[in-house]
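All heavy atoms count here, side chains included; hydrogens, waters and symmetry mates do not.
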Amino acid sequence: MTKFLIISKNNNLLCEISECFDEHELEHSTYIYSNAEETFNFIKENEFASILIDDDIENYDILSKKIKSIENNDIFITLIYNPNSIDSFSNDFSGFIDNFIQKPICKNILNSTLNSYIKTKKNIDKYKEDNKELSRSLYQLDVLYNTSSKLSGNLDKEKLYEIMFETLEKTLSFDLASALIYAQNYDKSENKLIIHSLKKPENSLLEIIKEKIISIAKENNSADADFSKVLLEEHIKPSYQNQNLDTKLLNYDKLAAPIKIKDKTYATLLIYRNKPFSKEDVVCFQTIVHQISSPLRAITLYNEIKNTNIELKKLERIKSEFVSIVSHELRTPLAPINNSLDIVLSDNISDTTRHFANMAKRNVSRLSGIIEDLLDLSRIETGKFDFKYKKYNIKTSLDTISKTFENQIKEKEMVLKTHFEDHLPDIYADPKRIEQILSNLVTNAIKFTPKGGKIEISTKIINNNEINKGTLIAPIENFATCNFNETFINISIKDTGIGIKEEDINKIFDKFSQIENSLTRNAGGVGLGLTITKHFIDSHLGGIWVESKENEGSNFNVVIPVYSDIKAFEIDLNASKKINETTNLLTLKASNKESSGNFIKQLKEENIIKLTKNSKEIEYLENDMYIYKIYFPNLQKSAFDFMTNRIENSLKEGEYGIVLEKATYKKESEDYSLGM
């Protein structure tokens with residue numbers, strides 16, 4: 001209710017106005033003016049909505065200005081003035097005098113003025129309240145918007161609920177908020193009741209809240225849901241920990257809702273507040289519940305996928321173990337069988353016996369090849385395939401392959417043509433694996449080319465920019481980022497066989513994949529040759545693509561990088577990342593080779609950089625920059641961090657113009673081997 005104050009030296013005037021206020025039953029006080037300071041202090045100590053000031057008091061204008069200056073207090077000031085002295089007004093009253101009443105006071109005019117003021121005051125108060133609600137709504141919207149940003153991409157369930165409670169506190173200022181989080185199969189969790197409250201709830205109150213929220217949960221979830229075990233997690237405001245909430249809280253206003261997506265319920269939310277919730281608060285509460293649902297669903301799906309992947313890895317491990325065991329067990333008896341057949345064939349036997357013995361020997365050889373493929377695949381997948389790289393000329397392997405398949409090609413009445421460039425440059429590779437790549441591709445060409453067909457093996461030198469990256473079969477990252485001036489040896493194995501449909505080209509490199517047709521089924525095999533070939537090519541940082549048309553033949557193109565110190569370093573680094581649990585790479589870049597070289601020499605002399613048994617280093621110029629790289633297989637993280645921190649400290653002590661870069665690579669596949 002509006003409270004008035006009347007200030008004057010004149011008792012009669014005070015009584016006259018007071019009577020008028022009494023008639024209207026308006027709350028008011030009268031004050032006999034003595035001096036401005038005392039009057040101002042009296043006004044500050046009390047709360048008045050409107051003040052009537054008699055112009056007979058001294059310095060009424062100064063007093064009015066001071067009243068208007070009171071912080072957070074919008075006081076309406078009316079001046080009761082004598083019209084005979086109106087000409088003596090020398091001050092500008094705008095800003096601190098809101099209304100004027102003339103002496104002698106006419107009750108009708110005073111009544112009208114009061115009624116007008118009271119109506120205006122009510123409108124102003126309503127406007128302020130509406131404005132306050134609008135401001136609060138805008139604040140809630142701002143918090144909800146920021147909450148959306150925080151929730152976006154969040155895959156941490158604990159953090160998700162923490163954000164939810166923080167948002168509820170900011171927007172709804174609860175006394176107590178509780179969330180019953182349901183147990184999820186994917187993380188084998190238990191039901192959890194999280195309590196966030198201003199004061200510590202008494203045990204009796206906690207038990208009642210627990211019963212209430214479980215009851216709501218069963219209504220929204222299912223009547224037979226198991227909430228027999230519920231873990232309690234309390235969060236109390238530190239400044240209120242010594243104060244308690246009792247069962248009176250149950251009389252507060254409350255809001256409750258399930259957090260769910262479609263038919264799946266994840267949690268139930270229940271909050272209490274002493275101040276009643278408005279319609280806007282209810283909408284805000286529902287919005288928060290909706291906001292939390294989507295990322296919670298994403299977390300659930302993410303964890304389900306993650307757990308599925310774990311299960312798949314377990315199955316992969318079991319498969320790898322099975323393949324390893326079976327392959328070893330099969331390979332063991334094949335050696336004596338093969339030796340026995342050699343002994344039989346060396347003896348004087350009949351043509352029929354020799355025919356069947358040769359047939360048996362061919363099938364033993366075929367079975368041995370399948371077993372070796374299985375073992376190779378198992379070693380590759382478990383990161384246990386250790387390549388023996390060296391600098392050598394691929395012409396040796398090409399000649400070996402050509403001679404190896406001469407008789408087999410003649411038996412099928414096929415023609416083999418070879419065209420190898422003279423003076424082929426060296427490569428950095430494992431000769432045995434390069435020959436296995438070539439052997440697999442030539443074997444396929446023979447297998448899928450009918451009698452009388454033709455196979456052509458050729459080589460040429462090409463640059464990186466001559467390769468159409470779009471045709472490469474799943475190129476590795478190193479290939480996609482290699483220097484455009486880099487050169488490769490391109491080996492082409494072309495046949496006039498059955499060809500491959502365009503949509504099937506990528507499939508032939510999948511494990512155990514075979515394109516369905518009669519010749520494929522007659523040719524046999526388990527579909528591992530090209531899978532292993534692709535792995536071997538990747539391990540040499542090379543690439544492969546296929547040009548083929550159905551019934552017109554195929555052309556398999558392999559590219560292997562020409563030898564350089566940089567490429568040899570990259571190949572060894574790539575192998576280290578696959579074989580070792582971790583590989584740490586340290587890189588120093590500078591524009592001045594001399595000062596950088598001296599700095600690196602100093603680091604080695606001071607044992608800051610210390611080469612380990614399997615580490616490797618290289619230095620070279622690239623785009624006028626001096627590059628020094630070194631990698632450390634299986635170096636402990638603490639040791640690597642200690643070394644790089646010391647290098648960083650040394651760089652700070654002098655003007656070297658050197659940039660330090662570091663990286664740690666983890667093994668691409670888990671070690672599922674059985675010690676092959």
Does the side chain of [X] reach to within under 4.5 Å of the side chain of [Y], using non-hydrogen atoms?
{"X": "Ile434", "Y": "His540", "answer": "yes"}
{"X": "Asn358", "Y": "Phe356", "answer": "no"}
{"X": "Phe556", "Y": "Thr533", "answer": "no"}
{"X": "Phe405", "Y": "Leu416", "answer": "no"}
{"X": "Ser439", "Y": "Ile401", "answer": "yes"}

As an exercise, state the distance from [atom1] of [X] to [atom2] of [Y], rounded to the nearest 0.5 Å.
{"X": "Asn557", "Y": "Ile462", "atom1": "CG", "atom2": "CD1", "answer": "8.0 Å"}
{"X": "Leu398", "Y": "Asn393", "atom1": "CG", "atom2": "CG", "answer": "8.5 Å"}
{"X": "Lys589", "Y": "Leu660", "atom1": "NZ", "atom2": "CG", "answer": "11.0 Å"}

>> Holding to salt bridge (charged side-chain N to carboxylate O under 4.0 Å, His left out), I want the full list of residues that pass it with Glu502, two or more places apart in sequence or in another chain.
In response: none
> In chain order, what residues pass the salt bridge (charged side-chain N to carboxylate O under 4.0 Å, His left out) check against Lys604, with sequence neighbours excluded?
Replying inline: Glu617
Does [atom1] belonging to [X] count more than 12 external heavy atoms closer than 6.0 Å?
{"X": "Glu594", "atom1": "CD", "answer": "no"}
{"X": "Lys616", "atom1": "NZ", "answer": "yes"}
{"X": "Glu648", "atom1": "CD", "answer": "yes"}
{"X": "Lys662", "atom1": "NZ", "answer": "yes"}

Test: salt bridge (Lys or Arg N to Asp or Glu O under 4.0 Å). Region: [range]. Which pairs qualify, not counting sequence neighbours?
{"range": "residues 532-558", "answer": "Lys534-Asp538"}
{"range": "residues 624-639", "answer": "Lys637-Asp641"}
{"range": "residues 412-436", "answer": "none"}

> Given Ile537, which of Ile532, Val558, Ile473 fulfils the side-chain contact (heavy atoms from CB on, under 4.5 Å) condition?
Replying inline: Val558
Check whether any side-chain N or O of [X] sits under 3.5 Å from a backbone N or O of [Y] as a donor-acceptor pair, and report yes or no.
{"X": "Thr582", "Y": "Lys666", "value": "no"}
{"X": "Ser554", "Y": "Ser548", "value": "no"}
{"X": "Asp495", "Y": "Ile446", "value": "no"}
{"X": "Thr531", "Y": "Phe509", "value": "yes"}
{"X": "Ser576", "Y": "Pro633", "value": "no"}
{"X": "Asn555", "Y": "Ser492", "value": "no"}

Pairs under 3.5 angstrom only: tabulate donor-acceptor contacts from the side chains of residues 605-613 to other protein residues two or more places apart or in another chain.
{"from": "Glu606", "atom 1": "OE2", "to": "Gln602", "atom 2": "NE2", "distance (Å)": "3.3"}
{"from": "Thr612", "atom 1": "OG1", "to": "Ser615", "atom 2": "OG", "distance (Å)": "3.3"}

Restricting to side-chain hydrogen bond (donor to acceptor under 3.5 Å, both in side chains), what partner residues turn up for [X], sequence neighbours left out?
{"X": "Asp565", "value": "Tyr563"}
{"X": "Tyr665", "value": "none"}
{"X": "Thr404", "value": "none"}
{"X": "Lys460", "value": "none"}

> Given Glu570 and Lys567, is the salt bridge (Lys or Arg N to Asp or Glu O under 4.0 Å) satisfied, shown in steps?
Replying inline: CA-CA 5 Å; Glu570 289 179 354; Lys567 187 51 62 178; 2.8 Å; yes
> Which residues satisfy the ring-ring contact (aromatic ring centres under 6.0 Å, His included) test with Phe536, sequence neighbours excluded?
Replying inline: Phe385, Phe387
> Please, which pairs that meet ring-ring contact (aromatic ring centres under 6.0 Å, His included) have at least one residue in residues 596-652, sequence neighbours excluded?
Replying inline: Phe569-Tyr631, Phe599-Tyr656
>> With salt bridge (Lys or Arg N to Asp or Glu O under 4.0 Å) as the criterion, how do Asp399 and Lys395 come out once you've worked through the C-alpha distance, each side chain's angles and the decisive distance to 0.1 Å?
In response: CA-CA 6 Å; Asp399 290 338; Lys395 180 70 163 53; 3.1 Å; yes
